[in-house]
Trainee: 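Handing you this structure, nothing more for now.
A note on names: the letters A, B, ... follow the listed sequences, proteins ahead of strands, and every chain is numbered from 1.
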There are 4 protein chains.
Amino acid sequence: MQTKIGEAAARGRPRSETVRLAVLMAVDDLLVEEGYEAMTMKGIAERAGVGRQTVYRWWSTKAEILYEACVVDAGRDLAAGADDPGDLDAFRRRVAGFLASTDAGASYLALLAAAQLDPAVATLMRGGDPVRAAACEALRAAPGDDPDDIDDAVAALLGPLVYAALTGP
Amino acid sequence: MQTKIGEAAARGRPRSETVRLAVLMAVDDLLVEEGYEAMTMKGIAERAGVGRQTVYRWWSTKAEILYEACVVDAGRDLAAGADDPGDLDAFRRRVAGFLASTDAGASYLALLAAAQLDPAVATLMRGGDPVRAAACEALRAAPGDDPDDIDDAVAALLGPLVYAALTGP
Amino acid sequence: MQTKIGEAAARGRPRSETVRLAVLMAVDDLLVEEGYEAMTMKGIAERAGVGRQTVYRWWSTKAEILYEACVVDAGRDLAAGADDPGDLDAFRRRVAGFLASTDAGASYLALLAAAQLDPAVATLMRGGDPVRAAACEALRAAPGDDPDDIDDAVAALLGPLVYAALTGP
Amino acid sequence: MQTKIGEAAARGRPRSETVRLAVLMAVDDLLVEEGYEAMTMKGIAERAGVGRQTVYRWWSTKAEILYEACVVDAGRDLAAGADDPGDLDAFRRRVAGFLASTDAGASYLALLAAAQLDPAVATLMRGGDPVRAAACEALRAAPGDDPDDIDDAVAALLGPLVYAALTGP
DNA sequence: GGATAATCGAGACGGTACGTCTCGTCTTCCT
DNA sequence: AGGAAGACGAGACGTACCGTCTCGATTATCC
């Protein structure tokens with residue numbers, strides 16, 4: 001197998017995909033078992049059976065790892081049905097299910113909360129919030145006049161769902 | 001009269017109100033200056049000019065301190081206007097201003113987020129959420145039929161406001 | 001009851017002899033039970049059933065308390081037999097028994113050690129070492145020419161006994 | 001050949017000899033400057049320019065560090081002359097000089113005292129007392145009949161010297 | 001096929017917050 | 001005034017995790 005034309009030749013041992021997946025799974029598991037606050041870089045490395053430096057080589061913080069683990073699954077879980085692109089009520093039900101019942105939903109809520117407490121995480125989430133992106137798309141596809149302020153519309157659509165998930169049991 | 005009847009005589013040196021206020025103010029200041037995540041019990045004690053053990057004697061975690069600092073101000077800032085008890089739009093504006101512009105609002109958002117990441121904080125907030133309490137009261141006073149599910153009604157009322165505050169700038 | 005003529009009238013509540021004895025007994029007990037290092041002012045006060053400030057009012061350190069508890073008993077235990085003032089072998093046996101078998105002996109060894117580690121205790125012991133005093137008296141009463149250097153003579157007399165007690169089981 | 005047969009391959013970063021020596025020197029210095037009682041694990045780490053955890057990784061207590069610093073030097077300082085193996089008076093002079101004038105001698109006296117106050121230190125010293133070991137060897141080499149009780153002989157030999165050093169200026 | 005280079009597991013390193021302990025002082029009420 | 005109770009500022013305790021570093025071992029590409 002050859003390297004793609006135009007790519008710098010990758011010298012040295014290539015990154016282990018096994019390690020990447022082991023870390024992402026470890027983060028998912030630990031979030032459920034211990035919660036975000038109790039989760040540590042040390043614990044993640046040990047759970048994944050991986051050296052600590054190896055984790056730091058590819059991610060800077062636990063939030064970054066969780067974000068990567070989250071976006072992969074969020075696309076799948078959220079766009080799952082993809083029933084009627086214009087049905088906002090169906091989208092609402094899908095988001096509610098995502099937040100309440102999936103690992104990726106729990107990760108997303110944790111990241112949303114962490115972004116509130118740590119500016120570094122806020123920067124991470126600012127650009128690529130997968131749920132917000134899905135909401136924007138659903139709003140665009142929905143019939144009716146485009147709202148004046150997209151932010152208000154998203155808040156009206158997602159706000160009650162997210163609030164219920166945050167304060168719910 | 002020296003001590004109230006039925007009250008145990010207070011033995012030993014009484015708790016210093018000065019210290020209590022210094023700690024609450026320190027927490028308010030540090031939350032604004034450094035953020036919740038960077039705030040530490042050590043830092044709070046030093047900022048308040050108080051021994052570390054003295055802080056631990058009265059509060060277990062920074063969340064507990066912040067909660068006490070928050071509820072005191074929340075009642076004042078939130079119920080301030082109290083213009084028309086039945087005007088939900090006025091209540092919405094008041095909450096939006098509280099979340100966006102007051103120290104107590106910032107504390108409240110931080111606690112809401114921290115509750116998502118730390119089960120201990122969740123327990124703390126479960127019982128006495130001052131904003132939720134105000135929302136329940138506003139809903140009760142508003143004209144119109146009482147909603148079937150109070151939780152849904154609160155989510156519809158506060159959700160967009162809180163979501164906007166969480167994801168806003 | 002009246003105050004003695006020529007003495008300043010003792011105003012206020014007089015010092016409680018009960019408290020003094022309770023503290024001295026507590027120190028003796030705690031030395032045996034927990035050892036000198038583990039003994040604390042707080043622990044002494046609690047064991048004696050006495051306020052902490054009350055202990056500090058009359059003594060500055062645990063060494064001072066132990067010293068007072070020691071000298072009272074040392075005189076009794078050491079001069080007990082008082083058989084033949086000139087018999088150095090009898091004195092040796094008496095000292096060995098004192099160091100090995102009495103509470104006051106244990107206290108004395110602890111103070112001797114503490115003096116080595118803490119200059120404040122060293123100052124305390126410099127002046128009034130009860131065992132050294134007894135040894136000097138025994139040497140003076142013994143027949144034979146007075147030694148040139150009293151320090152050497154005391155070291156020759158007490159050294160082996162103290163060393164054995166220090167390193168013994 | 002890379003690793004000796006039967007030896008486990010040393011994994012991870014090897015222990016820093018620089019750190020070990022820095023800590024031992026810091027202990028020696030602090031004992032002289034501040035005394036044993038005032039010496040703290042925190043202070044040792046700071047003086048050595050070393051993390052606190054690094055000290056705890058290799059030693060449990062300040063006594064353990066001092067012991068390691070002491071035995072290294074004691075062997076050198078004590079067996080230095082080694083003039084006539086059978087000359088007990090020469091040995092006495094060597095020990096007296098060791099106790100009075102060397103850092104290792106001061107460390108030894110501090111450990112001897114600490115062993116009296118703290119059972120953990122006593123256990124540490126019980127096995128490997130370097131001065132006692134030297135004394136046993138000197139006695140064995142000395143002409144004359146072997147004593148009935150080695151403990152008595154050591155006490156007679158070292159007792160006066162140690163006692164003088166303990167109570168001296 | 002040997003040199004080069006980046007990855008991996010392991011773990012020591014300096015640093016810092018944790019929550020607990022005792023210190024010695026203080027402030028209150030009670031006797 | 002003495003004494004018991006207990007809050008106070010201060011600071012060391014031993015532990016945990018932080019992020020960095022330095023090892024030996026492994027696994028790829030390049031010459």
Trainee: Between atom CD1 in Ile44(A) and atom C1' in dG19(F), what is the gap in whole Å?
Mentor: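 Result: 14 Å.
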
Trainee: What is the distance, to the nearest angstrom, from the CZ atom on Arg20(C) to the C1' atom on dG3(F)?
Mentor: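 About 17 Å, once rounded to whole Å.
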
Trainee: Mind calculating the distance between CZ (Arg47(A)) and P (dG9(E)) to the nearest angstrom?
Mentor: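 So the two atoms are 16 Å apart, to the nearest Å.
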
Trainee: Considering only side-chain heavy atoms of Arg57(D), which listed nucleotide, dG9(E), dA12(E), dG14(E), is closest?
Mentor: dA12(E)

Trainee: Is it the case that the base of dC29(E) and the side chain of Arg11(B) share a donor-acceptor contact (distance under 3.5 Å, atom types as modelled)?
Mentor: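 When only heavy-atom distances are counted, Arg11(B) does not reach the base of dC29(E) through any donor-acceptor pair under 3.5 Å.
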
Trainee: Please compare Arg13(D) and Gly12(A) by the position of their nearest nucleotide in DNA chain E and report the one closer to 5'.
Mentor: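 First, find each residue's nearest nucleotide; the 5'-ward one identifies Gly12(A).
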
Trainee: Which nucleotide in the list dC8(E), dA4(F), dG24(E) gets nearest to the side chain of Tyr56(C)?
Mentor: dG24(E)

Trainee: Taking donor-acceptor contacts at under 3.5 Å, does the side chain of Gln53(A) reach the base of dC21(F)?
Mentor: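 Counting by modelled atom types and ignoring angles, a donor-acceptor contact under 3.5 Å is found here.
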
Trainee: Both Arg15(D) and Ser16(A) contact DNA chain E. Which one's nearest nucleotide lies toward the 5' end?
Mentor: Ser16(A)

Trainee: Go nucleotide by nucleotide along DNA chain F from the 5' end; which of Ala38(A) and Pro14(D) gets its closest nucleotide reached first?
Mentor: Ala38(A)

Trainee: Suppose we call a contact any N or O donor and acceptor under 3.5 Å apart; does that hold for the side chain of Arg52(B) and the base of dG9(F)?
Mentor: no

Trainee: Starting from P on dC18(E), measure out to CD on Glu64(B) and report it in whole angstrom.
Mentor: 14 Å

Trainee: If I take atom CD in residue Glu17(A) and atom P in nucleotide dA6(E), what distance separates them, rounded to the nearest angstrom?
Mentor: 20 Å

Trainee: Checking the side chain of Lys62(A) only, and the main-chain atoms of Tyr36(A) only, is there a donor and an acceptor separated by less than 3.5 Å?
Mentor: yes

Trainee: Using only side-chain N and O atoms of Thr40(B), determine if any of them is under 4.0 Å from OP1 or OP2 of dA17(E).
Mentor: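 No, Thr40(B) has no side-chain N/O under 4.0 Å of OP1/OP2 on dA17(E).
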
Trainee: Can you measure Trp59(D) atom CH2 to dG14(F) atom C1' for me and round it to whole angstrom units?
Mentor: 17 Å

Trainee: Could you say whether Ala48(B) or Lys62(A) is positioned toward the 5' end of DNA chain F, judged by the nucleotide with the nearest heavy atom to each?
Mentor: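 First, find each residue's nearest nucleotide; the 5'-ward one identifies Ala48(B).
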
Trainee: Under a 3.5 Å distance rule, please check whether Tyr67(A) uses its side chain to pair with a backbone N or O of Ser107(A) as donor and acceptor.
Mentor: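 Side chain of Tyr67(A) to backbone of Ser107(A), a donor-acceptor pair under 3.5 Å: no, none is there.
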
Trainee: Hey, does the side chain of Glu34(B) reach the backbone of Leu30(B) with a donor-acceptor pair shorter than 3.5 angstrom?
Mentor: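 Answer holds: no.
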
Trainee: Just how far, in rounded Å, is C1' of dC18(E) from CD1 of Ile65(B)?
Mentor: 14 Å

Trainee: Would you mind classifying the nucleic acid contact of Gly43(B) as base, sugar-phosphate or nothing, using non-hydrogen atoms under 4.0 angstrom?
Mentor: nothing

Trainee: So, Thr54(A) side chain and Val50(A) main chain: donor-acceptor pair closer than 3.5 Å or not?
Mentor: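 Answer holds: no.
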
Trainee: Check the distance between dG9(F)'s P and Trp58(B)'s CH2 and give it to me in whole angstrom.
Mentor: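 Rounded to the whole Å, the gap is 12 Å.
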
Trainee: Could you check Thr61(A) against Val121(A) for side-chain contact (heavy atoms from CB on, under 4.5 Å), going step by step and ending with a plain yes or no?
Mentor: CA-CA 9 Å; Thr61(A) 62; Val121(A) 183; 5.7 Å; no

Trainee: Has Thr54(A) got a side-chain N or O lying under 4.0 Å from the OP1 or OP2 atom of dG9(E)?
Mentor: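 Looking at the OP1 and OP2 atoms of dG9(E), one of them is under 4.0 Å from a side-chain N or O of Thr54(A).
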
Trainee: If you check the Lys42(D) side chain, which of dG9(E), dC18(F), dC13(F) turns out closest?
Mentor: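 Shortest atom-to-atom distance from the side chain points to dC13(F).
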
Trainee: Do Tyr108(C) and Asp129(C) pair up side chain to side chain, a donor and an acceptor below 3.5 Å, judged on atom types alone?
Mentor: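 Note: Tyr108(C) and Asp129(C) side chains meet the donor-acceptor criterion.
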
